[in-house]
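Scroll down for the structure; my scribbles are underneath it.
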Amino acid sequence: MASADKKTDGLLSPDRRKALETTLRGIAGVGVAGALIATYERSAEAMPTQAIRPPGALPDERAFLSACVRCGLCVRACPWNTLKLADLGDHVATGTPYFVARKVPCEMCEDIPCVKACPTGALDHALVDINKAKMGTAVLVDEENCLNFLGLRCDVCYRDCPVIDKALTLEMESNPRTHKHAIFRPTVHAKDCTGCGKCEKSCVLEEAAIKVLPLRVARGELGHHYRLGWEEYQKNQGPLIKDIIDLPDRAPNDVTPPSGVPDAPPIIDPTKLGKGWKP
Amino acid sequence: MTAASPAPRLNREARLAAQEKLPERSFLARHKFLFLRRLSQAAVFALFLTGPLFGLKIAEGTIASSMTLKALPLTDPLMLLQMLVASHWPEGLAILGAAIVAIFYALVSGRAYCAWVCPINPVTDLAFWLREKLGFQAKGWQPKPETRFWVLAMTLVVSGVTGTIAWELVNPITHAFRVVVFGATASLTFVVAVFLFDLFVARRGWCSHLCPVGAFYGLLGSGALVKVSTHARVACDHCMDCYAVCPEPHVISPALEGAKKGFSPIITSSDCTTCGRCIDVCDRGVFRFTHRFDASETTTVPAVRSNCSGETP
């Protein structure tokens, strides 16, 4: 530097200046590299929706990436070759395990070998009952193409569901197209769905009408302060607020009385309403 | 580099012929530890590949964490450290595995990991070899060897800040492993990048200057037992062959040139990868493997060239 020969003591001495410069250059370079890795990490957290983590995977992706050492022991333990380690370009954090249900779904082994093989707990060893797994949840994403919705009795997803009649039921309703046939509507109950993906794999369509999605995509979440009045009423065996004044229901004669729950909205029989009424 | 020695590798034969008529050591003897290392590196892969290839499961997983014969868990301790910094408390298996690995390298030789196990070592060695073959003169960009410790600190900081095992996003070691053991071909990108970096950008750039894993194992092995000793340093004729071949040449001088200053003949720096190439290439039998407390040395110049095992004739 130009000033190096002017003063030779203190911070400006050539040796100290050089040492300082070298150190600063090192820190700056490494710092930039660190910032790049951190940015890369942020993008690695975003996964494509068809990439499903193995059973017991820590639900928060960041928590999972803090625990998974990308060793592939779960992949090796899987007897069905369901799991695969992400390669570069898979848009899943490289080296982490995932599966694509439409290719090979999870067969829900009772002894969950993948979880047992995980050395770090990225797959939570607290999961001992595979039926409690929450890899994701099935969603019937396309009612317009689902054969059952078209009035046929395909039912393949329902028949293939390992948690049949709990996670996936057929709900009968009238077919509004013909007014005389039934529609057996495949209905997912997320509480019991493990996200194994057998339904998506078995869907006979070119592109599955029922798909397993990660919970973060598939599920809504109530406000944490929300209370469902009817559930609270049941739990409490009565209203939560004691001595509430139950005013007499003032309703027209053609409205049926309330259902026993105080202040529940009246059940309106639409046939008894006047002609101009719209819901 | 200290002593002026124009292109020492090229005139070895001539030099030998001029200096003394000694029996030529065989090619095998001059590459003994190199072959042993390549064998060791290949064996690591082989243990993981017998399962997928022949159905004979020996080691499963990768170098990040593995299970050998369903009995021996091994986990990379740096991986565990990043995990802890990212505030995940692992299962006992990972802790046990990391403890076994850490104790092994702390006792034996920290950077033996780099020279004898790491799959990137043959890659950067190949880049170095090619660089010499092609006669690249410029060392290229040479960051301070200490930079790797900054990189190590950075990986831990980024792991802490992002709450993830940050280095694994780019770690060429585990990428290379997944290429071979799991067929993750696209992961070859990072391996090729390191090769090209070492070939065109920086001589011995990755392993000797930047890699935080090597830095970590170096720190881990700062009290390790296995060391290289310049026990016959009196015989040194300053041909510079050892400096030319050593991936961390700065570790040699204090021992080799330190007799007058009263320094021990033991190469003490934890940067030394205990690769043994110096033992291989030294025609004077100056170097040998020994333990850190063996400061014994030969005081008489050997009449004939020692063999490669480092035993004083």
Side-chain angles (χ1 to χ4, degrees), chain A residues 19 22-45 58 60-77 81 83-90 93-97 115-126, chain B residues 51-52 57 60-67 73 75-76 79-80 82-83 85-97 143-144 146-147 150-151 153-155 157-159 161-171 174-175 177-179 181-190 210:
Chain A
T22 312
T23 311
L24 279 176
R25 196 163 55 213
I27 293 174
V30 170
V32 169
L36 287 175
I37 292 178
T39 315
Y40 181 32
E41 191 284 322
R42 289 291 299 277
S43 64
E45 276 181 42
L58 298 177
D60 175 47
E61 177 64 7
R62 184 169 282 208
F64 182 78
L65 291 181
S66 78
C68 176
V69 292
R70 292 91 157 140
C71 66
L73 279 166
C74 53
V75 177
R76 288 285 184 250
N81 287 330
L83 296 177
K84 141 182 214 314
L85 284 190
D87 198 355
L88 275 184
D90 283 353
T94 51
T96 56
V115 172
K116 278 186 187 161
C118 178
T120 66
L123 307 183
D124 194 345
H125 289 214
Chain B
K57 289 178 179 176
E60 290 191 276
T62 66
I63 203 164
S65 189
S66 64
M67 180 60 93
T75 297
D76 186 317
M79 207 86 77
L80 190 88
Q82 291 177 76
M83 191 191 298
V85 171
S87 60
H88 172 78
W89 185 253
E91 293 287 328
L93 206 58
I95 300 171
L96 177 66
K144 293 271 175 198
E146 300 86 69
T147 312
W150 288 107
V151 178
M154 176 272 280
T155 61
V157 168
V158 176
S159 291
V161 170
T162 61
T164 63
I165 301 176
W167 188 244
E168 279 323 290
L169 290 170
V170 290
N171 189 354
T174 44
H175 276 83
F177 232 86
R178 290 195 295 270
V179 170
V181 180
F182 283 90
T185 42
S187 294
L188 201 58
T189 313
F190 281 125
L210 296 178

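Proteins get letters first, then strands, A, B, ... in listed order; numbering begins at 1 in each.
Residues A:V69 and B:I165 meet the side-chain proximity criterion, which asks for heavy atoms closer than 4.5 Å. For the pair A:L88/B:F190, a side-chain contact is recorded, criterion being any heavy-atom separation below 4.5 Å from C-beta on.
Heavy atoms of B:V181 lying under 4.5 Å from chain A belong to its backbone as well as its side chain. Looking at A:T96, neither its backbone nor its side chain comes within 4.5 Å of chain B, counting heavy atoms on both sides. Only the backbone of B:S66 comes within less than 4.5 Å of a heavy atom in chain A; its side chain stays farther off. Using a 4.5 Å cut-off between heavy atoms, A:T94 touches chain B through backbone and side chain atoms alike. Residue A:L85 touches chain B through its side chain alone, counting heavy-atom pairs closer than 4.5 Å. The part of B:V158 that comes within reach of chain A is its side chain, from C-beta onward, which places non-hydrogen atoms under 4.5 angstrom from that chain. Proximity to chain B (any heavy atom under 4.5 Å) is shown, for A:C74, by neither the backbone nor the side chain.
Going from atom CG of A:L73 over to atom CG of B:L93 covers 8.5 Å, rounded to the nearest 0.5 Å. Note that the CD1 atom of A:I37 and the CD atom of B:E168 stand 10.5 Å from one another [nearest 0.5 Å]. Between atom NZ of residue B:K57 and atom CZ of residue A:R76 there is a gap of 8.5 Å, rounded to the nearest 0.5 Å. Here the CZ atom belonging to B:F182 is positioned 7.5 Å from the SG atom belonging to A:C71, to the nearest 0.5 angstrom. The structure places CG of A:L65 at 11.5 Å from NE2 of B:H88, a figure rounded to the nearest 0.5 Å. Interatomic distance, CZ of A:R70 versus CG of B:N171, reported as 10.0 Å (0.5 Å rounding).
Of all heavy-atom pairs spanning A:R62 and B:V161, the tightest one is NH1-O, 4.3 Å. Of all heavy-atom pairs between B:G163 and A:S66, the closest is O-CB, 3.0 Å.
Listed options B:V170, B:T185, B:T162 were ranked by heavy-atom pairs under 4.5 angstrom with chain A; first place goes to B:T162. No other option in B:A184, B:P73, B:S159 has as many heavy-atom pairs under 4.5 Å with chain A as B:A184. Contact count versus chain A (heavy atoms, under 4.5 Å) is highest, among B:S65, B:G51, B:P52, for B:S65. With chain A as partner, the option from B:T164, B:T174, B:D76 having the largest number of non-hydrogen pairs under 4.5 angstrom is B:T164. Of the residues considered (A:G26, A:G29, A:A33, A:A38), A:A38 shows the highest number of contacts with chain B, using heavy-atom pairs under 4.5 Å.
Results of the side-chain contact (heavy atoms from CB on, under 4.5 Å) test with A:V30 over B:T155, B:V157, B:V151 single out B:V151 as the only residue that passes.
Taking a 6.0 Å sphere around CG of A:N81, one finds it holds 12 or fewer heavy atoms contributed by other residues, nucleotides or ligands.
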